[in-house]
Enquirer: 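Have a look at this one before I ask anything.
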Amino acid sequence: MKAQPDLTQVEKDKLEIDPDFDFREIARRPFEAITPNELAMFKWSGVYHQLQPSFFMIRVVTPGGRMTTRQFNRAVDLAEKYAQNELCITTRQTLQFHWIRKEDIYKIIEGMAEVGITTKNGCGDVPRNIIGDSLAGAGPVQVGDSLKLIRMMADDDEIQNQRNLPRKHKISVASSNDAFAQTLMNCQGWVPVERDGVVGWKFHAGGGLGARPYLAKVVFDWVPEELVLDVTRAAVEAFRRHGNRRQRAHARLKVVVDTMGARKFGELLIDIMKEKGIEGLDRIEFAQSDVPTIGRMYLNGQEVVPQRQPGRSIVRIMIPRSELKTADSRTIANLADELGGGVIMFTNRQNIELHDVPEGNVEAMLGALHQAGFRTDGHEHLPDIVACVGTTMCKMAVSDSPDAYRRLYDALAHDEVYWKSVGTLRINITGCPNNCGQAWVSDIGLRGTRTRNPEGGSTEGYSIFVGGKLSEAGKIAEYLCDVPNDEVVPAVKKVLDTYLAHRESQAERFVDFCERIGVAKFQQLVSK
Ligand code: SF4
């Protein structure tokens with residue numbers, strides 16, 4: 001199809017280039033014979049050209065963050081052969097391979113397809129991997145069967161074949177109203193509600209981070225479960241029709257919902273469903289208020305979480321910097337098979353949970369994990385830091401966020417007395433304003449900056465933000481101060497020490513402290 005001349009290059013590419021590449025043919029083609037436009041469209045197959053010319057990142061799709069050990073072991077086999085013995089867990093609960101040569105792309109794609117894992121829609125202007133909460137199906141508080149809905153959405157052609165959206169589209173489905181599933185930062189956020197023993201779903205829309213963050217609004221208070229798929233499809237279609245295709249920075253659903261307001265957006269979805277002849281729409285209830293009321297996350301550092309299924313537990317493993325060496329991955333897979341339920345769950349803080357561990361095996365599982373060098377403490381606390389890939393692999397990065405991670409981790413995450421005294425805390429580091437590292441919604445967010453030097457060149461540093469959260473109505477973190485790169489560790493330590501010195505009591509969490517004193521007062525205190 002010939003594209004209209006006034007469209008942006010990406011929009012032309014989406015019309016003119018078939019995103020389903022034959023990567024066997026690409027393997028034979030010289031790198032120079034691949035056009036930049038084709039390279040950009042590789043993303044639709046989960047293939048992303050790295051900063052380093054002719055090396056690629058491949059992202060698979062794991063709806064709800066769940067993999068069997070058979071699937072995980074296949075990823076490990078492939079990483080051993082083609083990805084420098086390493087896998088990386090993403091904040092959207094899936095796996096990435098890095099350092100893939102062009103000749104090997106198809107081997108990863110075909111190898112994962114053999115165990116039922118696709119890379120289709122791993123990146124690009126498409127519906128992305130559908131996330132949920134890692135406790136889904138097993139956690140002690142389960143209101144709705146989120147995994148069932150996630151599977152339905154992931155298998156739905158009408159949703160998954162929307163491959164020419166104005167930009168990426170992100171969906172989250174939670175299993176309870178507790179803030180595990182990042183509902184408020186997704187384009188669509190589904191949360192279960194129970195009334196008189198019947199489960200329906202609350203629908204939020206319009207969340208998204210990036211350079212300009214938005215928190216989702218409540219659109220419908222109640223959608224009967226049998227209409228959830230129709231509403232999801234309608235929201236994707238509404239985005240296709242109304243997303244801004246002339247300016248990519250404004251192309252997300254968050255802008256559509258913010259411009260229209262939640263009520264009008266809801267009416268638009270109803271109209272789209274009427275066009276399609278969907279019945280029973282009068283059973284959908286519009287939101288009384290568009291302000292979300294997400295619960296606080298009840299997890300606070302537990303290494304083991306008793307499941308709702310009697311006699312079974314979830315064992316939580318910390319994966320520093322989300323980097324999984326293949327030898328360590330094999331250990332985890334073997335333990336999941338021998339002592340657990342053969343299931344690996346990836347979390348949105350880039351860690352791993354092993355589900356269905358029989359109570360009698362928990363001690364042995366923890367012992368084996370610790371002996372193999374894994375850490376199971378520190379979740380939801382200072383050691384649980386998230387960082388994007390930064391200048392190590394990303395073309396857009398202005399800072400080396402993994403390096404900032406390592407320095408913070410090394411300086412603060414081993415002092416158990418200190419980090420336990422700080423209590424619940426999430427630090428997120430992002431290498432540029434795009435905010436893949438989710439700094440906007442963390443207790444302490446670090447965002448890479450570059451400051452021009454008068455004598456030429458620029459200096460790497462970080463802007464520090466505080467007080468972000470995805471619970472209750474949500475809050476975007478507020479700017480506190482700028483620091484040069486080599487002062488990141490003392491600056492974060494000072495922020496934490498200030499909190500420790502001025503909090504009302506041990507029960508006052510960092511995020512509540514930020515809210516109580518306000519950012520202006522916090523700035524005053526840290527500048528002393
Ligand atoms: Fe790259 Fe920026 Fe995203 Fe980090 S936040 S991965 S540097 S685009």
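FYI, side chains are in, hydrogens and waters are out, and symmetry mates aren't considered; it's all heavy atoms of this structure.
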Enquirer: Who pairs with Asp155 by side chain to side chain donor-acceptor pair (under 3.5 Å), at least two apart in sequence or on another chain?
Expert: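 Once residues adjacent in sequence are excluded, the partners of Asp155 under the side chain to side chain donor-acceptor pair (under 3.5 Å) criterion are Arg151.
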
Enquirer: Sort and list the pairs that fulfil salt bridge (charged side-chain N to carboxylate O under 4.0 Å, His left out) and have at least one residue in residues 290-300, not counting sequence neighbours.
Expert: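 For residues 290-300, and leaving out neighbouring residues, the salt bridge (charged side-chain N to carboxylate O under 4.0 Å, His left out) pairs sorted by first residue read Arg296-Glu472, Arg296-Asp512.
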
Enquirer: Show me the pairs that pass ring-ring contact (aromatic ring centres under 6.0 Å, His included) and involve residues 237-282, at least two apart or across chains.
Expert: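 Residue pairs passing ring-ring contact (aromatic ring centres under 6.0 Å, His included), neighbours aside: His169-Phe239.
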
Enquirer: Do the side chains of Arg283 and Glu226 get close enough for a salt bridge, i.e. N-O under 4.0 angstrom?
Expert: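 The answer is yes: the pair qualifies as a salt bridge.
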
Enquirer: Compare every heavy atom of Lys217 with every heavy atom of Asp258, then report the nearest pair and how far apart it is.
Expert: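 Looking at all heavy atoms of both residues, the closest pair is OD1-NZ, 3.3 Å.
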
Enquirer: Rounded to the nearest 0.5 Å, what separation is found between the CD1 atom of Ile294 and the CG atom of Leu470?
Expert: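 Answer rounded to 0.5 Å: 9.0 Å.
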
Enquirer: Going by side chain to side chain donor-acceptor pair (under 3.5 Å), name the residues that satisfy it together with Asp145, two or more places apart in sequence or in a different chain.
Expert: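 With neighbours one apart ignored, the set is empty.
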
Enquirer: Knowing that exactly one of Asp384, Ile385, Thr91 qualifies, which makes a side chain to side chain contact (heavy atoms under 4.5 Å, CB included) with Gln350?
Expert: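 That would be Thr91; it is the only one of Asp384, Ile385, Thr91 passing the side chain to side chain contact (heavy atoms under 4.5 Å, CB included) with Gln350.
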
Enquirer: Does Tyr48 have any ring-ring contact (aromatic ring centres under 6.0 Å, His included) partners at least two apart in sequence or in another chain, and if so, which?
Expert: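 Expected list: none.
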
Enquirer: Scan for ring-ring contact (aromatic ring centres under 6.0 Å, His included) pairs involving residues 128-155, sequence neighbours excluded, and state none if there are none.
Expert: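 Pairs touching residues 128-155 that pass the test: none.
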
Enquirer: ring-ring contact (aromatic ring centres under 6.0 Å, His included): which pairs involve residues 422-447, sequence neighbours left out?
Expert: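 Sorted pair list: Trp440-Phe465.
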
Enquirer: What distance separates Leu15 CG from Lys12 NZ, expressed to the nearest 0.5 Å?
Expert: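 These two atoms lie 10.5 Å from each other.
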
Enquirer: First locate atom OG of Ser176, then atom CE of Met297, and finally report the distance between them rounded to the nearest 0.5 Å.
Expert: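 Ser176 OG to Met297 CE: 10.0 Å, rounded to 0.5 Å.
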
Enquirer: Considering residues at least two apart in sequence or located in another chain, which fulfil the ring-ring contact (aromatic ring centres under 6.0 Å, His included) criterion with Phe180?
Expert: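 Listed in chain order: Tyr298.
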
Enquirer: Determine whether the side chains of Asn161 and Lys120 contain a donor N or O and an acceptor N or O closer than 3.5 Å.
Expert: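 Note: Asn161 and Lys120 side chains meet the donor-acceptor criterion.
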
Enquirer: Strictly by modelled atom types, are Thr347 and Ser134 linked by a side-chain donor-acceptor pair under 3.5 Å?
Expert: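 The criterion, which ignores hydrogens and geometry beyond distance, is not satisfied for Ser134 and Thr347.
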
Enquirer: Could you go through Val143 and Val193, starting from their C-alpha distance and side-chain angles, then the distance that decides it, and tell me whether this counts as side chain to side chain contact (heavy atoms under 4.5 Å, CB included)?
Expert: CA-CA 7 Å; Val143 178; Val193 185; 5.9 Å; no

Enquirer: Taking NZ, NE, NH1 and NH2 as the nitrogens, is one of them in Lys469 or Asp443 under 4.0 Å from a carboxylate oxygen of the other?
Expert: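 Between Asp443 and Lys469 there is no salt bridge, as every charged N stays at least 4.0 Å from the carboxylate O atoms.
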
Enquirer: Would you check if there is a donor-acceptor pair between the side chains of Gln142 and Ser175 at a distance under 3.5 Å?
Expert: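 A donor-acceptor contact under 3.5 Å links the two side chains.
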
Enquirer: Identify each donor-acceptor pair in which a side-chain atom of residues 201-211 lies under 3.5 Å from a protein atom, sequence neighbours left out, and give them as a table.
Expert:
residue : atom : partner : partner atom : Å
Trp201  : NE1  : Glu225  : OE1          : 2.8
Lys202  : NZ   : Thr293  : OG1          : 3.3
His204  : ND1  : Gly189  : O            : 3.0

Enquirer: Run through Val422, Val495, Leu500, Thr424 and flag the one making a side chain to side chain contact (heavy atoms under 4.5 Å, CB included) with Phe510.
Expert: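 Checked Val422, Val495, Leu500, Thr424 against Phe510; only one passes side chain to side chain contact (heavy atoms under 4.5 Å, CB included): Val495.
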
Enquirer: Shortest non-hydrogen contact from Pro63 to Asn129?
Expert: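 Closest approach of Pro63 to Asn129, heavy atoms only: N-OD1, 3.2 Å.
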
Enquirer: So, Asp221 versus Gln288: side-chain donor-acceptor pair below 3.5 Å or not?
Expert: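 Side chains of Asp221 and Gln288: no pair found under 3.5 Å.
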
Enquirer: Nearest 0.5 Å, please: how far is CD in Gln524 from OG1 in Thr498?
Expert: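 Going from OG1 on Thr498 over to CD on Gln524, the span is 12.0 Å.
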
Enquirer: One thing to verify: whether Glu237 and Arg241 come together as a salt bridge, which I'm taking to mean a side-chain N less than 4.0 angstrom from a carboxylate O.
Expert: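 Answer for the salt bridge query: yes.
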
Enquirer: Side chains of Gln160 and Asp157: do they bring a donor and an acceptor to under 3.5 Å?
Expert: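 No donor-acceptor contact under 3.5 Å links the two side chains.
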
Enquirer: Restricting to ring-ring contact (aromatic ring centres under 6.0 Å, His included), what partner residues turn up for Tyr405, sequence neighbours left out?
Expert: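 Residues passing ring-ring contact (aromatic ring centres under 6.0 Å, His included) with Tyr405: Tyr409.
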
Enquirer: Apply side chain to side chain contact (heavy atoms under 4.5 Å, CB included) to the pair His98 and Cys88, showing each step before the final yes or no.
Expert: CA-CA 8 Å; His98 291 278; Cys88 180; 3.9 Å; yes

Enquirer: Nearest 0.5 Å, what's the OG1-CG distance between Thr183 and Asn177?
Expert: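 Output value for this atom pair is 7.5 Å.
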
Enquirer: Test side chain to side chain contact (heavy atoms under 4.5 Å, CB included) on Val398 and Thr391 and set out the steps.
Expert: CA-CA 6 Å; Val398 296; Thr391 46; over 6 Å; no

Enquirer: Over all heavy atoms of both residues, which pair between Arg212 and Lys254 is shortest? Give the atoms and the distance, please.
Expert: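 Minimum heavy-atom contact is O-NZ, 2.9 Å.
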
Enquirer: Against the six-membered ring of Trp222, is Arg195 placed for a cation-pi contact (under 6.0 Å from the centre, within 45° of the normal)?
Expert: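 Judged by the rule (NZ or CZ under 6.0 Å from the ring centre, within 45° of its axis), Arg195 counts as positioned above Trp222.
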
Enquirer: Between Glu158 and Lys276, does any side-chain N to carboxylate O distance fall below 4.0 Å?
Expert: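 Yes, charged N to carboxylate O under 4.0 Å.
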
Enquirer: Should the heavy atoms of other residues, nucleotides or ligands under 6.0 Å from CZ of Arg321 be counted, would the total exceed 12?
Expert: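 Yes, CZ of Arg321 has more than 12 neighbouring heavy atoms, counting only those of other groups under 6.0 Å.
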
Enquirer: Looking at Arg59 and Thr94, what are the two nearest heavy atoms and their distance?
Expert: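 Shortest heavy-atom contact: CG-CG2, 3.9 Å.
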
Enquirer: Hey, does the Lys NZ or Arg CZ of Arg66 hover above the aromatic six-ring of Phe346, less than 6.0 Å from the centre and inside 45° of the axis?
Expert: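 Verdict for Phe346: no cation-pi partner in Arg66.
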
Enquirer: Kindly write out the residues that satisfy ring-ring contact (aromatic ring centres under 6.0 Å, His included) with Phe513, not counting sequence neighbours, or none if the list is empty.
Expert: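 Applying ring-ring contact (aromatic ring centres under 6.0 Å, His included) to Phe513 gives Tyr499, Phe522.
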
Enquirer: Using side chain to side chain contact (heavy atoms under 4.5 Å, CB included) as the criterion, list what pairs up with Glu504, not counting sequence neighbours.
Expert: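 Result, side chain to side chain contact (heavy atoms under 4.5 Å, CB included) vs Glu504: Glu508, Arg516.
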
Enquirer: Quick one: do Arg316 and Glu380 make a salt bridge, cutoff under 4.0 Å?
Expert: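 So Arg316 pairs with Glu380 through a salt bridge.
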
Enquirer: Looking only at side chains, do Asn164 and Asp125 share a donor and an acceptor under 3.5 Å apart?
Expert: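 Result is no, nothing qualifies.
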
Enquirer: Between the side chain of Ser45 and the main-chain N/O of Pro19, is any donor-acceptor distance below 3.5 Å?
Expert: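 Yes: the side chain of Ser45 pairs with the backbone of Pro19.
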
Enquirer: Return yes if a side-chain donor-acceptor contact under 3.5 Å exists between Arg447 and Asn428, otherwise no.
Expert: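 Asn428 and Arg447 do not have a side-chain donor-acceptor pair below 3.5 Å.
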
Enquirer: Go through the side-chain N and O atoms of Gln438 and Gln182 and say whether any donor and acceptor fall under 3.5 Å apart.
Expert: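 Gln182 and Gln438 do have a side-chain donor-acceptor pair below 3.5 Å.
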
Enquirer: Looking at every non-hydrogen atom in both residues, tell me the closest pair between Arg167 and Ala251 and how far apart they are.
Expert: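 That would be CG-CB, 3.3 Å.
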
Enquirer: Quick one: pull up NE2 in His379 and CE in Met318 and give me the separation to the nearest 0.5 Å.
Expert: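 With rounding to 0.5 Å, NE2 (His379) is 4.5 Å from CE (Met318).
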
Enquirer: Write down the atom of His381, the atom of Trp419, and the distance for their closest heavy-atom approach.
Expert: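 It is CB-CE3, 3.7 Å.
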
Enquirer: Is the closest side-chain donor-acceptor distance between Ser463 and Asp482 under 3.5 Å?
Expert: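 Checked: Ser463/Asp482 side chains pair up, N/O donor to acceptor below 3.5 Å.
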
Enquirer: Determine whether the side chains of Asn121 and Arg163 contain a donor N or O and an acceptor N or O closer than 3.5 Å.
Expert: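 Result is yes, a qualifying pair exists.
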
Enquirer: Show your working on side chain to side chain contact (heavy atoms under 4.5 Å, CB included) between Gln96 and Ile58 and close with a plain yes or no.
Expert: CA-CA 6 Å; Gln96 284 180 183; Ile58 299 182; over 6 Å; no

Enquirer: Count the heavy atoms belonging to other residues, nucleotides or ligands that lie under 6.0 Å from NZ of Lys264, then report whether that count exceeds 12.
Expert: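 Atom NZ in Lys264 is not packed in, count stays at 12 or less.
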
